[in-house]
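Structure, as structure tokens:
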Amino acid sequence: MSEERLSLGKDLVGLEHLSAEQLQMILDTAEPFKEISERRIKKVPVLRGKTIVNLFFEASTRTRISFEFAEKRLSADTVNISSSGSSVVKGETLVDTARNLEAMRIDMVVIRHGASGAARFLAERIPSNVINAGDGWHEHPTQGLLDLLTIRDHRGPLQGLKVCIVGDILHSRVARSNIYGLRTLGAEVAVCGPRTLMPPSPEEMGCTVFTHVEEAIEWADVLNVLRLQLERMEGGYVPSLREYNRIWGVSSRRLEAAPRDILVLHPGPMNRGVEIDSDVADGDHSVILNQVTNGVAVRMAVLYLLAGGQPEKAEAAKQGAES
Ligand code: CP
């Protein structure tokens, strides 16, 4: 009897419904792809002939550029579209935009959109693979994956590890993807921040809740510090940025009280001096730039797997053999 091959399916919309085996498959597939970015000539023929559209309706530095690097380093043909430079400004809908791209025979769409559910909406309407690069407050699955990979690189298996997500949980798609991925892989997850920036029931997502950052630092092996999403706030969530930093900011003074060597992540972009102080962001606990490096490998892995690549053949595929 032949075993059914593990796959991701057609799309990557979120981490909520992925199994531990699927998450491990993505992380393990990212491992051999890391080395491509260290080469002098950073190009392998893994996705030769594939056409990928990066459709970004919201600003992005890390995600957009690392998807584009991942695609180009795997030899895909890529096109970048932002809402401001497209017919979206003339009122064209998301589906019409995508159907017109489909008519030009594309293979994959990477989408960032301000509306929660936009990636799923698109995935259900077009035959191309759809990858969610962040949709509203919903999920940012490749950020969650690169965070998992970075934690695993520095602390080993996630089972039993204590990870606290600190800051603006309410507005954060990164928090949601982290919670789903970490919990599925057996980590203990906590959230910490002002009550005004907490979703209604973090406990129902399996999270411990801390209201004092000192308690979170006492408890955690890993802190994932989130950006205060100033663009999604109408005001009134926090008294002032200075007050926020005084009460919840991650500073080296606070980290000195940690009972263990704590790892600090931040998805970026950072508000230095608000949720994280510069001496922490640039200090020994920080793996923030490792996250960015891992983002390219994780996105290569997701592109490869959605294109039908087999995890056990990733090493051979990157050397140029058929996958
Ligand atoms: N972490 C992240 O999503 O950053 P960008 O908004 O720059 O893509």
Side-chain angles (χ1 to χ4, degrees), residues 12-15 26-27 30 37 52-73 78 80-85 108-119 130-151 153 163 165-182 193 197 222-233 250 263-272 274-276 280-282 286-303:
L12 180 67
V13 169
L15 301 190
I26 301 169
L27 302 184
S37 297
I52 305 177
V53 175
N54 300 312
L55 196 53
F56 276 68
F57 293 90
E58 276 191 336
S60 170
T61 298
R62 279 147 291 270
T63 313
R64 185 176 60 77
I65 294 173
S66 67
F67 262 114
E68 194 176 348
F69 277 144
E71 293 155 4
K72 288 191 162 144
R73 289 176 191 177
T78 66
N80 298 317
I81 303 175
S82 62
S83 48
S84 61
M108 294 189 186
V109 177
V110 177
I111 179 170
R112 170 168 286 193
H113 201 285
S116 303
V130 173
I131 304 174
N132 183 5
D135 61 330
W137 300 8
H138 172 230
E139 279 217 47
H140 190 349
T142 56
Q143 179 69 46
L145 289 163
L146 73 88
D147 292 344
L148 297 177
L149 184 63
T150 307
I151 297 170
D153 282 352
V163 182
I165 305 167
V166 184
D168 180 357
I169 315 295
L170 177 67
H171 298 103
S172 179
R173 52 201 180 202
V174 176
R176 258 164 278 279
S177 289
N178 263 267
I179 292 168
Y180 295 134
L182 287 163
L197 292 176
V222 179
L223 290 185
N224 196 346
V225 186
L226 300 181
R227 183 171 71 89
L228 217 52
Q229 299 204 20
L230 304 172
E231 76 278 19
R232 296 192 209 278
M233 296 186 195
V250 176
L263 199 67
V264 176
L265 290 85
H266 190 303
M270 290 183 275
N271 297 305
R272 286 174 182 262
V274 181
E275 70 269 2
I276 190 167
V280 174
D282 304 328
S286 169
V287 288
I288 293 169
L289 293 178
N290 304 71
Q291 290 172 264
V292 178
T293 305
N294 275 342
V296 179
V298 154
R299 289 172 178 129
M300 283 180 182
V302 169
L303 294 162

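First listed ligand is number 1; within each ligand, the first listed atom is number 1. The figures here come from the full heavy-atom set of this structure, side chains too, leaving out hydrogens, waters and symmetry mates.
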- prompt: Under 4.5 Å between any side-chain heavy atoms of D147 and V174, yes or no?
  reply: yes

message: Within 45 degrees of the ring normal and closer than 6.0 Å to the centroid, is that where the cationic atom of R299 sits relative to F67?
response: yes

query: Below 4.5 Å, heavy atoms only, C-beta onward: do Y180 and E139 meet side chain to side chain?
result: yes

field: Side chains of E275 and H266, donor plus acceptor under 3.5 Å
entry: yes

- line: Test side chain to side chain contact (heavy atoms under 4.5 Å, CB included), reference L265, set V222, I165, L226, output is V222

- prompt: In chain order, what residues pass the side-chain contact (heavy atoms from CB on, under 4.5 Å) check against L170, with sequence neighbours excluded?
  reply: W137, D168, Y237

query: Measuring from each atom of ligand 1, which residues have a heavy atom under 4.0 Å away?
result: S60, T61, R62, T63, R112, H140, Q143, P267, G268

